[in-house]
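Reviewing the structure listed below.
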Amino acid sequence: MATIRVKLRVSTVPGKAGSIYYQVIHRRQHVQLTSSIKLYSHEWDTQNARVRINGEKVSFLLAAQRAINADLAVLHDIISRKEAVGVPYDVADIAFAFRALIPAEEDFFLYMEKRIGRLEEENAHGTALNYRRAYRSFAAFLGKQYLPFPACTEILISEYEQWLRQRKIKRNSSSFYMRVLRAVYNSAVSDGLVPAGNPFRKVYTGIDTTRKRAVGKQIIKQLKKTGSDRNPGFGLCPRSLFSQSLFAGNGVRGYGLFAKIRYPAWSCDLHPEKNRNTAKYQGGTLSTGDHRPLPGKDNPYTVCFAHYYEYQ
C-alpha cells in the first residue's frame, strides 16, 4: 500500500512562508502534491510532521493542522478505494484523483447547503433554520466552508466538540449541533457520497435534563397584580406576558425572552441564548415592546414583545 509523508518546503525568499506538500510513495515511485497551506519553518515540527501550536497565531495554526488532516484523510480514502478495487495503480493515479477532487460531489458544506434548500422548498423553515445554525458553527470551527466527506473523521468531530466546550457552549447545545451534522452525514451515506460510518460515535448526542426554571404560584400572583404604576417603563408587559402564557397554554421558557408561541394570526421565535428574537404578526414584523391582541373574540389579553425580568 502507498505511504504518505507530510513535509514543509522552505521558501528560498527570506522572510516568506514555505508550503506544505505531501509526498506519496508507492512501488518505489513517488510524487509530490503541493497544498495551499503556508507556514514558516518555526511553525512546523519536522520530527513529528505536525504544526507547532503555540504563539499568538493559535487559531491560524489549528486551522492549518485541520486542513492537513483533511487532505490526508482524502488521500487515504483514495488509496483505500483503489486497494479495494484490486486494479493495479501508481502514484500518478493517486495524484490525478487528488487533484481532480470535485467539491460538488465530495464537499460536506455544499451538500449541507443543498439539504437546507430542499427543507425550505418543503416549507420546513424551522428545521432549515436549525441546519443553518449548525452550518455556521461548524464553519467557524474549521475557519472555512469546504470539507471533503472523507475528512469528516472521529478526530475532527471530537475536536469540534472540544472547541464548543472551550467557548462555554452548553452540553445540550453542543449535542444539538452534533445531531444536525450527523443527520447530514447519514443523508450523504444514503446518497452514496461517502461509505457508511459513524464519526459521531465518540461525541455526546443525547439530551440532558435541565433544571426546572418555572416560577412558583406566588411569583405569578405578584406578577398578575403588578400594574404599570410600579413599572412605567414596561407598561403592561409583565402582567400581559404571564397572563398570555397561562391562558394560551404555552408557558414561559427560560429567563431570557419568552417562549416560541404560534397562532394563525401571529407567531414569534425567540432564542434566549442568542439574545435575539424574530416575530411576525399578520404579515408584519413586531419589535420589542409592541403590544398585540391575542386571537379570539372579546379577548382582553394582549401580548408584549419585551425582555422578561425576574422579581426579587
Side-chain angles (χ1 to χ4, degrees), residues 4-24 31-78 95 98-99 101-104 106-113 131-170 173-174 176-178 180-181 184-185 199-200 202-204 273-274:
I4 307 169
R5 296 174 183 173
V6 186
K7 298 184 177 183
L8 174 66
R9 184 184 295 113
V10 180
S11 175
T12 57
V13 180
K16 187 176 181 180
S19 301
I20 292 293
Y21 70 93
Y22 312 108
Q23 186 181 51
V24 182
V31 66
Q32 294 182 0
L33 303 173
T34 304
S35 74
S36 60
I37 304 166
K38 305 292 184 180
L39 295 173
Y40 292 97
S41 57
H42 67 273
E43 297 172 334
W44 180 249
D45 184 350
T46 304
Q47 183 177 357
N48 298 313
R50 288 186 60 85
V51 179
R52 285 196 177 101
I53 312 298
N54 52 33
E56 300 179 353
K57 300 166 60 179
V58 173
S59 297
F60 168 78
L61 296 174
L62 283 171
Q65 184 60 58
R66 294 189 192 108
I68 292 172
N69 294 342
D71 287 342
L72 290 176
V74 171
L75 284 169
H76 284 299
D77 182 69
I78 291 171
F98 182 75
R99 290 165 177 160
L101 186 67
I102 303 174
E106 302 289 342
D107 180 31
F108 185 96
F109 287 103
L110 186 57
Y111 181 79
M112 193 170 182
E113 289 175 1
Y131 273 52
R132 288 194 183 280
R133 289 171 184 153
Y135 179 104
R136 288 193 294 265
S137 175
F138 198 36
F141 158 70
L142 291 172
K144 59 179 182 179
Q145 294 183 353
Y146 172 68
L147 178 69
F149 274 109
C152 188
T153 61
E154 285 187 7
I155 295 176
L156 180 69
I157 299 302
S158 296
E159 290 178 352
Y160 175 47
E161 184 181 48
Q162 184 63 29
W163 182 82
L164 291 172
R165 289 177 182 174
Q166 291 174 354
R167 279 153 182 76
K168 309 299 181 183
I169 301 299
K170 298 297 183 182
S173 297
S174 173
F176 162 77
Y177 293 136
M178 296 299 175
V180 172
L181 297 178
V184 174
Y185 186 89
F200 300 86
K202 294 183 179 180
V203 298
Y204 181 71
E273 290 187 2
K274 297 295 184 181

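For this chain, numbers begin at 1 and follow the sequence in order. Heavy atoms only: backbone and side chains are in, while hydrogens, waters and symmetry mates are out.
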Legend entry - Worked check of side chain to side chain contact (heavy atoms under 4.5 Å, CB included) between Met112 and Val180: CA-CA 10 Å; Met112 193 170 182; Val180 172; 3.9 Å; yes
Inset, instruction - Could you pull out all residues at least two apart from Arg50 that satisfy salt bridge (charged side-chain N to carboxylate O under 4.0 Å, His left out)? - result: none
Legend entry - Side-chain heavy-atom pair Thr46, Lys7 within 4.5 angstrom cut-off: no
Inset, instruction - Starting at CH2 of Trp44, measure out to CZ of Arg9 and round the result to the nearest 0.5 Å. - result: 12.5 Å
Legend entry - Minimum-distance pair of heavy atoms, taken over all atoms of Tyr131 and Val184: CE2-CG2, 3.6 Å
Legend entry - Within 6.0 Å of CZ in Arg167, more than 12 heavy atoms from elsewhere: yes
Inset, instruction - Search all heavy atoms of Ala151 against all heavy atoms of Ala73 and return the closest pair with its distance. - result: CA-CB, 3.5 Å
Inset, instruction - Measure the OG-CZ distance between Ser173 and Arg133 for me, rounded to the nearest 0.5 Å. - result: 10.5 Å
Inset, instruction - Any chance you could measure Leu8, atom CG, to Glu43, atom CD, to the nearest 0.5 Å? - result: 9.0 Å
Inset, instruction - Could you pull out the closest heavy-atom pair between Asp71 and Ile37, with the gap in Å? - result: OD2-CD1, 4.4 Å
Inset, instruction - Might you work through the side chain to side chain contact (heavy atoms under 4.5 Å, CB included) test for Tyr204 and Ser174, ending with a clear yes or no? - result: CA-CA 8 Å; Tyr204 181 71; Ser174 173; over 6 Å; no
Inset, instruction - Assign the ring pair Tyr160 / Phe141 to parallel, tilted or perpendicular, where the plane angle (0 to 90°) is split at 30° and 60°. - result: tilted
Inset, instruction - State the CG-CG distance between Leu75 and Asp77, to the nearest 0.5 angstrom. - result: 9.5 Å
Legend entry - Pair Tyr177 + Phe138: ring centers closer than 6.0 Å: no
Legend entry - Residues that Lys202 engages under salt bridge (charged side-chain N to carboxylate O under 4.0 Å, His left out), provided they are two or more places apart: Glu154
Inset, instruction - Can you see which heavy atom on Ser41 is nearest to which on Arg52, and at what distance? - result: O-NH1, 3.8 Å
Legend entry - Interatomic spacing from OG in Ser35 to OH in Tyr22 - rounded to 0.5 Å: 4.0 Å
Legend entry - Note, Lys38 side chain near Ser19 side chain (heavy atom, < 4.5 Å): yes
Inset, instruction - Using the side chain to side chain contact (heavy atoms under 4.5 Å, CB included) rule, take Leu142 and Leu156 through it: C-alpha gap first, then chi angles, then the decisive distance, then the call. - result: CA-CA 9 Å; Leu142 291 172; Leu156 180 69; 3.8 Å; yes
Legend entry - Residue pair Glu159 / Trp163, side-chain heavy-atom distance below 4.5 Å: no
Inset, instruction - Kindly give the heavy-atom pair with the smallest separation between Cys152 and Tyr185, and that separation in Å. - result: SG-CD1, 4.1 Å
Inset, instruction - Go through the steps to decide whether Val51 and Asp45 satisfy the test side chain to side chain contact (heavy atoms under 4.5 Å, CB included), and finish with yes or no. - result: CA-CA 6 Å; Val51 179; Asp45 184 350; over 6 Å; no
Legend entry - Nearest-0.5 Å distance, CD1 of residue Ile78 to CD1 of residue Ile4: 8.5 Å
